[in-house]
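These notes are about the structure you will find just below.
Counting starts at 1 for both ligands and their atoms, following the listed order.
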Amino acid sequence: MHLVTEDNITDLAVARWATARDARTAEVMTALVRHLHDFAREVRLTEAEWMAGIRWLTRTGQISDEKREEFILTSDVLGLSMLVVQMNHRLDPAATPATVLGPFHIEGSPELDFGADMSDGLPGTPFYLHGTVRDLEGNPVAGAVLDVWQADTEGAYESQVPDIDEARLRAKYATREDGSYCVRTIAPLGYTIPMDGPVGDLISQTEISHFRPAHIHFLINVPGFEPLITHLFQEGADYLDSDVVFGTKQELVVAFEPRRPGATPDGGTSEVPWSEAHYDFVLQRQG
Ligand code: BEZ
Ligand code: FE
């Protein structure tokens with residue numbers, strides 16, 4: 001019989017988890033056990049502290065549902081989401097880089113035509129985002145679907161607004177034969193991550209800024225190409241240097257140009273001042 005001591009507990013636990021029938025599960029679980037034990041030893045974790053940690057995890061689970069993803073938020077503010085993105089998307093430097101998905105993507109957004117408005121009358125400055133989707137050789141990618149989502153001017157995503165029947169500030173736009181796309185929406189603003197839950201409780205105990213710079217999200221999944229989850233950020237926006245989820249990259253910062261009333265990129269006209277940004281997405285072929 002193995003008597004458990006402070007010195008052998010880690011080896012015993014690692015040996016147990018090494019019995020996982022799937023080799024990768026065994027690798028991941030034994031490493032997790034080793035690192036958790038090292039962590040507890042390093043900080044000399046007290047029982048009261050570990051119970052507080054368990055209560056925090058419990059609350060994180062309890063507040064989560066299909067609309068609120070507090071564990072994704074946890075991973076994001078710890079920098080773990082962005083580390084996993086970086087390790088798994090080592091793309092050609094000329095390709096559009098990936099960044100975090102975040103907790104607010106919703107499946108099944110409506111398909112809109114070139115230049116159709118996904119803001120559906122919500123208050124804000126009319127904003128046109130247009131450009132092309134191309135491969136690394138500069139060839140246009142026709143029929144690429146851009147799944148787009150963003151927050152309103154109060155910083156709220158659809159899943160944070162109660163009793164919504166229709167898609168709000170999210171849509172899918174397909175590129176035309178020449179690879180061009182045009183999104184019509186309202187200019188995004190910076191916003192705070194949700195601070196009314198366990199993540200907010202922790203952040204409030206630090207000097208961490210809980211804001212994200214103004215941005216729009218994109219998911220572009222084209223057969224034969226590396227899937228791309230990314231954002232575009234407004235040049236000069238607040239919090240570009242302190243994004244609470246570490247998601248900002250220089251290559252994803254674009255100028256939002258203010259325009260007077262007049263002709264717009266979708267071929268129409270605007271009676272009010274509007275703004276626009278141009279961005280060419282570059283996708284990398286798989287393999
Ligand atoms: C977002 O931009 O939607 C987001 C990303 C990570 C955490 C919170 C929000
Ligand atoms: Fe966002």
Ring pair (Phe, Tyr, Trp, His ring centres under 6.0 Å) assessment of Phe256 paired with His278: CA-CA 8 Å; Phe256 287 19; His278 184 273; over 10 Å; no
Sub-4.5 Å side-chain heavy-atom contact between Lys172 and Ser109: yes
Phe211, Tyr191, Phe246 screened by ring-ring contact (aromatic ring centres under 6.0 Å, His included) with Tyr239, the one that passes: Phe211
The Fe ion (ligand 2) reached by Tyr157 (N, O or S, under 2.8 Å): yes
Within 45° cone of Phe281 ring axis and under 6.0 Å: Arg134 NZ or CZ: no
Salt bridge (charged side-chain N to carboxylate O under 4.0 Å, His left out) between Arg68 and Asp196, intermediate numbers included: CA-CA 11 Å; Arg68 174 128 190 191; Asp196 58 346; 2.9 Å; yes
Side chain, backbone, both or neither: Val244 near ligand 1, heavy atoms under 4.0 Å: neither
Any Trp149 heavy atom less than 4.0 Å to ligand 1: no
Full working for ring pair (Phe, Tyr, Trp, His ring centres under 6.0 Å) between Trp274 and Tyr128: CA-CA 8 Å; Trp274 52 285; Tyr128 290 85; 5.5 Å; yes
Enumerated ligand 1 atoms positioned under 4.0 Å from heavy atoms of Leu73: 7 (C), 8 (C)
Sub-4.0 Å atoms of ligand 1 with respect to non-hydrogen atoms of Tyr157: 1 (C), 2 (O), 3 (O)
Lys/Arg-Asp/Glu bridge criterion (N-O < 4.0 Å) met for Asp120, Arg168: no
Protein contact to atom 1 (C) of ligand 1 [nearest heavy atom, distance to 0.1 Å]: Tyr191 OH, 2.8 Å
Polar proximity ligand 1 side, Asp76 side, N/O cut 3.5 Å exclusive: no
Intermediate values then yes/no, ring pair (Phe, Tyr, Trp, His ring centres under 6.0 Å), His105 and Phe218: CA-CA 9 Å; His105 176 253; Phe218 296 86; over 10 Å; no
Sub-4.0 Å heavy-atom contact, His215 with ligand 1: yes
Selection from Ser75, Gly102, Ala151, Pro213 by shortest heavy-atom distance to atom 5 (C) of ligand 1: Gly102
Angle at the Fe ion (ligand 2) (to 10°), with one arm to NE2 of His217 and the other to NE2 of His215: 90°
Nearest non-hydrogen protein atom, atom 9 (C) of ligand 1: Pro103 CD, 3.5 Å
Arg285 with Asp92: basic N within carboxylate O range, under 4.0 Å: no
Contact atoms of ligand 1, heavy-atom distance to Arg212 under 4.0 Å: 1 (C), 2 (O), 4 (C), 5 (C)
Atom indices of ligand 1 within 4.0 angstrom of His217 heavy atoms, with elements: 1 (C), 2 (O), 3 (O)
Note: Asp147-Arg170 ion pair, threshold 4.0 Å (strictly below): no
Close-contact set for ligand 1 against Ile193 heavy atoms, below 4.0 Å: 8 (C)
Those atoms of ligand 1 less than 4.0 Å from some heavy atom in Val245: 6 (C), 7 (C)
